[in-house]
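Residues take their numbers from the sequence shown, with the count starting at 1.
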Amino acid sequence: MRHDFQATQIRNTKEQTKMEYEWKPDEQGLQQILQLLKESQSPDTSTQRTVQQKLEQLNQYPDFNNYLIFVLTKLKSEDEPTRSLSGLILKNNVKAHYQTFPNGVSDFIKNECLQNIGDSSPLIRATVGILITTIASKGELQNWPELLPKLCSLLDSEDYNTCEGAFGALQKICEDSAEILDSDILDRPLNIMIPKFLQFFKHSSPKIRSHAIACVNQFIISRTQALMLHIDSFIENLFALAGDEEPEVRKNVCRALVMLLEVRMDRLLPHMHNIIEYMLQRTQDQDENVALEACEFWLTLAEQPVCKDVLCGHLSKLTPVLVNGMKYSEIDIILLKGDVEEDEAIPDNEQDIRPRFHRSRTVAQQHEADGIEEEEEDEDDLDDDDTISDWNLRKCSAAALDVLANVFRDDLLLHILPLLKELLFHPEWVIKESGILVLGAIAEGCMQGMIPYLPELIPHLVQCLSDKKALVRSITCWTLSRYAHWVVSQPPDTYLKPLMTELLKRILDSNKRVQEAACSAFATLEEEACTELVPYLAYILDTLVFAFSKYQHKNLLILYDAIGTLADSVGHHLNKPEYIQMLMPPLIQKWNQLKDEDKDLFPLLECLSSVATALQSGFLPYCEPVYQRCVNLVQKTLAQAMLHNSQPDQYEAPDKDFMIVALDLLSGLAEGLGGNIEQLVARSNILTLMYQCMQDKMPEVRQSSFALLGDLTKACFQHVKPCIADFMPILGTNLNPELISVCNNATWAIGEISIQMGAEMQPYIAMVLHQLVEIINRPNTPKTLLENTAITIGRLGYVCPQEVAPMLQQFIRPWCTSLRNIRDNEEKDSAFRGICTMISVNPGGVVQDFIFFCDAVASWVNPKDDLRDMFCKILHGFKNQREQACLGGYTLWETTGSL
């Protein structure tokens, strides 16, 4: 049969805009469409592509969509998959082109949908429901006023198929259009719909009961008024369905109770004992979907203030239930290929590699606890079975145990320890593996109580790293990483050295899952151990470099992270010729292999940024091609963005992550090479490109460009200085604490510029000072931003005291509290010099908060001599003032308020 679709084969006349419902298809055209639908089910990709092109051509004929609805609803002689496929193609057309459908076509489709919502086939009913909700979500709820009343009336039909089809459509509408259903635009239909749904909680059909609960559940979190009016009736009906024989009903009951915990705890509290007992049963439900939904209850309850009070009496029952849920199911093991021990030579399936997202550089201060303090989400995933569904009962049980350990702390150990003894030494590997996961899950919350057992447990876990089952080895890597902080606090020969030795062997394991877990665990160990690793650097590098030749694609990306973290942790200790000779050739080889548009560049650039910062001058032999490529990446991305902005139809938007990653590596080079980068900057147009990046719409681009500006200011200010008049107004407009990281880096850059500019900073003070004072006084400002703001205000006061000192009283107290915990360093030094200079200009500005200044001064461990003299001068000055005041018959206390 010919596939050419001629205009004559589908009526394409002007009269179609007023099409009657008794529209009839052209037989030849209908046969062609059926043929296409059949072919589109072919597994052959080239056939599918040809069919796709034909379908796109057909979209130019307005009544093509009539043919599609006709096949779905009227052509009962056809097989159901073909009819359903016709409906799904129509759904996609509605999504893409509904606004251009002639009225007659859209009316015909709507009418056919309502006529056939009760089709005898569940597949066709579901497809019609999807089509209805897609039309409704295109803004058609307002233009289809009969839809909701009609569907609600069909719920009362004697015919099961009609009632179920209408409910299925209503459930999808409630999911997709919940907000508009609860608005005045539609005259609040929920006032009628919710009481109606509640009537069906007792329907004889489990499918209908399930639909009814699912519809109401859509309105719990938003606290919809229409539901809140019937909340007691809703909860009563849920309790009545608690023992329902249908798993889908039980699942929806559990989901409702989990959401009610968050929004109507007041209504659940009187019944909490019974609800907890019920959820304990459901968490052990034979149906895993029900068990998973019930298990969410414990995660949500842990976030509620009443958790400890209401749950403490149930811990002895709950703990074994959660622990039992942490075992791999048989299906998990099959999906994870748990019986495959050696797979290192099998190339990765590219679909299994998660997309990598680069996190832009944020400049932070170092604290007394050592290391960098940053407000980041904890990325410590509760084990590593990411190949199976993202969220399952094992992961949910482990997460619940983790959060409950943080609520109950060591009290939980009373119930966990007896179970752990049995699990950790169990002969069955699946049970032993779950015990190791339990040990990792409680690490954070129960750490204090676990300390007495760790001298025995850590060696046992190190032994488990050699277990014959790969899944045991991989979970052991993760659990040991959760105790890395304790390991590092002990004498290195006792635990650190044996652990590191075995982890490095696992990095070279013959199983890819173990390689991945070991690499991630080793990165955590690196962060904790820092310079403790220096004596073992040759051995560590030997292993990591060997892994380059061994790893498949996915684990290579994790290896980059382990190398980057090592560089961050040991810093300049890596700058030795023998280490550089081991590390750099494989990295540069990968760098040369990757194309500019390859996303594997992200983790490699991040890694190189850390390595360049650590190697300092040791990176010089490699810096020129790396620098040039980064500049090219930025230039290319900006050029592509300009083309896209001017001709969006012809040019795709660029992936700006390439530019962000390149800017961050340039920052790493500037920080590592210092003044040695000067020649490279002189020969490039990086400052012009930065000027564009600093004004980019994407916050992450601005964030990285401000970090680079600060680093170049420190490394080669002679090239930055001519641009300061252009840069400062942009920095001023980015002091917006709503975008924390952008604001943080802009603030830090201003501080670095002020130190270089000295008194020449004076014309720019007014552009930034008021915003900085506002930020430092803002409640709930993240610590990193507060510290950088305080340092920058101090530095501005150091170079331009006359301009900044008059505002001293407005920021002195938060300034002092922000800087009392950071370590002695150059930035802290210049900030305190600034505050001392401002106090000498405006002593009255500090009088009321002098005690806070004293506290901040006391945070210094070893200030330079001249800074110590500045402190002494101010403290003696205030002491003398106080003595003079006493001699005058009153005390400074009385004149200054409470000190």
Side-chain angles (χ1 to χ4, degrees), residues 258 261-262 276 279-280 283-284 291-308 310-312 314-329 332 376-386 388-420 423-424 431-451 453-454 457-458 461 471 474-487 517 520-521 523-524 527-528:
V258 170
L261 262 189
E262 290 188 47
I276 287 171
M279 284 300 193
L280 275 166
T283 308
Q284 301 168 81
L292 175 57
E293 207 61 60
C295 196
E296 295 280 355
F297 181 84
W298 315 113
L299 274 174
T300 306
L301 184 58
E303 293 169 3
Q304 307 302 317
V306 299
C307 177
K308 211 164 185 177
V310 299
L311 204 51
C312 59
H314 302 270
L315 279 182
S316 58
K317 287 185 188 170
L318 174 59
T319 309
V321 170
L322 292 177
V323 167
N324 194 47
M326 290 163 74
K327 289 203 300 278
Y328 276 126
S329 68
D332 289 344
E376 288 173 1
E377 286 297 309
D378 187 7
E379 291 182 5
D380 216 356
D381 282 336
L382 271 167
D383 91 60
D384 58 347
D385 37 325
D386 56 304
I388 53 182
S389 71
D390 285 342
W391 195 237
N392 56 24
L393 184 60
R394 168 185 164 90
K395 286 192 170 187
C396 191
S397 302
L401 193 62
D402 183 6
V403 292
L404 290 170
N406 277 291
V407 171
F408 288 95
R409 300 284 170 184
D410 296 344
D411 294 347
L412 191 67
L413 290 179
L414 293 171
H415 312 284
I416 287 277
L417 287 173
L419 298 171
L420 266 178
L423 297 172
L424 287 172
I431 296 173
K432 177 181 175 179
E433 193 276 350
S434 72
I436 297 169
L437 172 57
V438 168
L439 193 56
I442 62 169
E444 190 185 322
C446 303
M447 181 59 83
Q448 280 308 111
M450 285 303 298
I451 285 173
Y453 307 99
L454 292 181
L457 279 174
I458 296 297
L461 287 172
L471 288 173
S474 65
I475 199 61
T476 306
C477 291
W478 176 76
T479 293
L480 279 163
S481 74
R482 302 271 284 177
Y483 291 95
H485 185 76
W486 181 84
V487 167
S520 298
T524 305
E527 287 173 337
E528 292 289 350

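Formation of a donor-acceptor pair under 3.5 Å by the Ser520 side chain with backbone atoms of Ala517 is not found in this model. Between the side chain of Glu296 and the backbone N or O of Leu292 there is no donor-acceptor pair closer than 3.5 Å. A side-chain donor-acceptor contact under 3.5 Å links Asp332 to the backbone of Ser329.
Here the CG-CZ distance, from Leu404 to Arg409, works out to 12.0 Å after rounding to the nearest 0.5 Å. The CD1 atom of Ile416 sits 12.0 Å away from atom CZ of Phe408, with the distance rounded to the nearest 0.5 Å. For the atom pair CG (Asn406) and CD (Glu444), the distance works out to 4.5 Å, reported to the nearest 0.5 Å. Residue Ile451 holds its CD1 atom at 12.5 Å from CG of Leu457, rounded to the nearest 0.5 Å. Between atom CG of residue Leu393 and atom CD of residue Gln284 there is a gap of 10.5 Å, rounded to the nearest 0.5 Å. Here the straight-line distance linking atom CD of Glu293 with atom SG of Cys396 works out to 9.0 Å at 0.5 Å rounding.
Counting non-hydrogen atoms of neighbouring residues, nucleotides and ligands closer than 6.0 angstrom, the NE2 atom of His485 reaches no more than 12 such neighbours.
Residue Trp478 forms a side chain to side chain contact (heavy atoms under 4.5 Å, CB included) with just one option from Leu437, Thr524, Ile436, and that option is Leu437.
The minimum heavy-atom distance between Leu412 and Cys446, with the atom names listed, is CB-SG, 4.3 Å. Closest approach of Val407 and Cys307 over heavy atoms only: CG1-SG, 4.1 Å. Here the shortest heavy-atom pairing between Leu420 and Gly435 reads CD2-O, 3.5 Å. Here the closest heavy-atom approach between residue Leu461 and residue Thr476 is recorded as O-CG2, 3.1 Å. Nearest approach of Leu401 to Ala441, heavy atoms of both residues: CD2-CB, 4.3 Å. For the pair Leu311 and Trp298, the tightest heavy-atom approach, listed with the atom from each and the gap, is CD1-CZ3, 3.8 Å.
The closest side-chain heavy-atom distance from Leu423 to Met326 is not below 4.5 Å.
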Per-pair distances, 0.1 Å, donor-acceptor, side chain in residues 315-324, under 3.5 Å, sequence neighbours excluded:
| unit_1 | atom_1 | unit_2 | atom_2 | d |
| --- | --- | --- | --- | --- |
| Lys317 | NZ | Glu277 | OE1 | 3.4 |
| Lys317 | NZ | Glu277 | OE2 | 3.3 |
| Thr319 | OG1 | Leu315 | O | 2.7 |
| Asn324 | OD1 | Lys327 | NZ | 2.5 |

Handout entry: Steps toward side chain to side chain contact (heavy atoms under 4.5 Å, CB included) verdict (Trp486, Met450)
Key = CA-CA 10 Å; Trp486 181 84; Met450 285 303 298; over 6 Å; no

Practice task
With side chain to side chain contact (heavy atoms under 4.5 Å, CB included) as the test, would you mind laying out the steps for Leu439 and Tyr483 before giving the verdict?
Solution key: CA-CA 10 Å; Leu439 193 56; Tyr483 291 95; 3.7 Å; yes

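In terms of the side chain to side chain donor-acceptor pair (under 3.5 Å) criterion, Lys308 has no residue partners (sequence neighbours excluded). With sequence neighbours left out, Lys432 forms a salt bridge (charged side-chain N to carboxylate O under 4.0 Å, His left out) with Asp467.
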